[in-house]
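First up is the structure itself, then whatever we jot down about it.
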Amino acid sequence: MQGCGGGRLAARSRAGLLLVVAVAIVALPACSATVGIGVVAKANGTGAVSVTVTLDQQAVAAVGDLSAQLQSSDLVAAGWQVSTPAPGPDGSEVLRASYPFSSLAEVGPIVEQVAGSGPPASRPFQFLLTRDQGFWTTVTRFQATVDLTCGLGCFGDPGLAHQLGTSTGINPAVAQRQTGTNPAQVFHFQVTVRLPAGPLSTNATARLAGSLGWQPALGRTSRLFAVTRSVNVGAVAAAAAGGALLLVALVAVVVVLIRRRRGRGQRAGHRRGAHAKGA
């Protein structure tokens, strides 16, 4: 059986794990791969960006031992945490890398490392996360442009272009003539975002386990957005505690006033009783 691809797989600092998929899918219509880019943002503005690549059974068979072939040293040196390829459903194999962030402003530059070697504005994945923190609530906004009109060329690497003649190590036009299959039919994308609290508004096409999901298509431009509002539990608790203290203080004042009134009433009664005895 003819394989989907071949050659040593290299996950370079810019192309990331997406390059693995571009090299793997070459010659069999039966082969497919799914690239997932995920963002998990916590209420305090920290979180992580993850990239997952799922190769189907045919692609795994064609590529061979991913653990032995995957060169991830550049990714690790750039700060990514790369996991060992793990088995997935139906004989597939899953590659995963993640990068933690300490503020939402870091998300865009981290995602820009995933694909493309040109200026940031020309790269296929442009993410922006912001939050507006008030006293009672925090509004978090996610906006992204996923421009995949560059096709498989989005995930090229200058090193491969020098070594193999094309930036991805394959010629998409030749592969399509050989298989009769458009790369968009076998090369799939998923973007998932988990934000604090539920969405106020979004154009997500899927919702699962607290995450919002989109499926951008190769050869197209997609614009994604989501807005959520979360309650600032700390501020509410502080306000509640302050309200409780104020209530206690008011009760104490009322008790003191009542006691004073009773004391004055008792003293007045004693004086009236003394006057009555003297008379």
Side-chain angles (χ1 to χ4, degrees), residues 11 15-22 25 32-56 75 79-83 85-90 92-116 123-131 138-148 154-155 184 186-230:
L17 294 183
L18 298 184
L19 182 56
V20 175
V21 183
I25 303 174
S32 69
T34 300
V35 176
I37 298 179
V39 178
V40 175
K42 300 177 183 178
N44 62 1
T46 65
V49 173
S50 64
V51 178
T52 59
V53 176
T54 304
L55 302 179
D56 74 354
L75 278 173
W80 288 82
Q81 299 171 357
V82 183
S83 301
D90 301 323
S92 64
E93 199 149 10
V94 182
L95 313 176
R96 188 177 189 276
S98 63
Y99 199 114
F101 58 83
S102 57
S103 73
L104 297 184
E106 300 175 24
V107 173
I110 292 172
V111 173
E112 286 169 5
Q113 297 181 35
V114 171
R123 293 173 191 161
F125 300 100
Q126 299 177 45
F127 284 25
L128 176 65
L129 270 83
T130 60
R131 65 174 183 162
T138 296
V139 175
T140 304
R141 293 179 174 84
F142 165 71
Q143 302 175 68
T145 298
V146 181
D147 184 358
L148 300 177
C154 294
F155 316 113
V186 294
F187 198 62
H188 309 290
F189 291 89
Q190 293 179 345
V191 174
T192 59
V193 176
R194 179 175 294 185
L195 303 175
L200 291 175
S201 61
T202 181
N203 64 348
T205 56
R207 302 186 187 190
L208 179 64
S211 295
L212 302 173
W214 297 262
Q215 294 181 322
L218 196 67
R220 299 181 182 179
T221 298
S222 303
R223 288 178 173 81
L224 328 176
F225 76 88
V227 181
T228 70
R229 176 181 289 135
S230 57

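Bear in mind the structure is a predicted one, so any value in this text is a computation, not a measurement. Quick note: residue numbers are just sequence positions, from 1.
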Closest approach of Arg123 and Glu112, non-hydrogen atoms and distance?
CD-O, 3.4 Å
Donor-acceptor contact below 3.5 Å, side chain Arg194 vs main chain Ala209
yes
With rounding to the nearest 0.5 angstrom, report the OG1 to CG distance, Thr145 to Leu128.
9.5 Å
Under the 3.5 angstrom rule, does the side chain of Asn203 hit a backbone N or O of Arg223 as a donor-acceptor pair?
yes
Strictly distance-based, threshold 3.5 Å: is any side-chain N or O of Ser103 a donor or acceptor partner for the main-chain N or O of Gly45?
no
Output the distance between atom OG (Ser230) and atom CG (Leu195), rounded to the nearest 0.5 Å.
9.5 Å
Identify which one of Val35, Leu95, Val94 satisfies the side-chain contact (heavy atoms from CB on, under 4.5 Å) criterion when paired with Thr54.
Val94
Hey, is the main chain of His188 close enough, under 3.5 Å, to the side chain of Thr34 for a donor-acceptor pair?
no
Phe127 and Ile110: CA distance, side-chain angles, deciding distance, side chain to side chain contact (heavy atoms under 4.5 Å, CB included) verdict
CA-CA 9 Å; Phe127 284 25; Ile110 292 172; over 6 Å; no
Should the pair Trp80 and Tyr99 be assigned to parallel (<30°), tilted (30 to 60°) or perpendicular (>60°) ring geometry?
perpendicular
Using only atom types and a distance under 3.5 Å, with no angle test, would you say the side chain of Thr202 pairs donor to acceptor with the backbone of Phe225?
yes
Residues Ile37, Val146; criterion side chain to side chain contact (heavy atoms under 4.5 Å, CB included); working and verdict
CA-CA 11 Å; Ile37 298 179; Val146 181; over 6 Å; no
One should read off an interatomic distance between Thr138 OG1 and Arg229 CZ, to the nearest 0.5 angstrom, of 10.0 Å
Check: Asn44 main-chain N/O paired with Arg131 side-chain donor or acceptor under 3.5 Å
yes
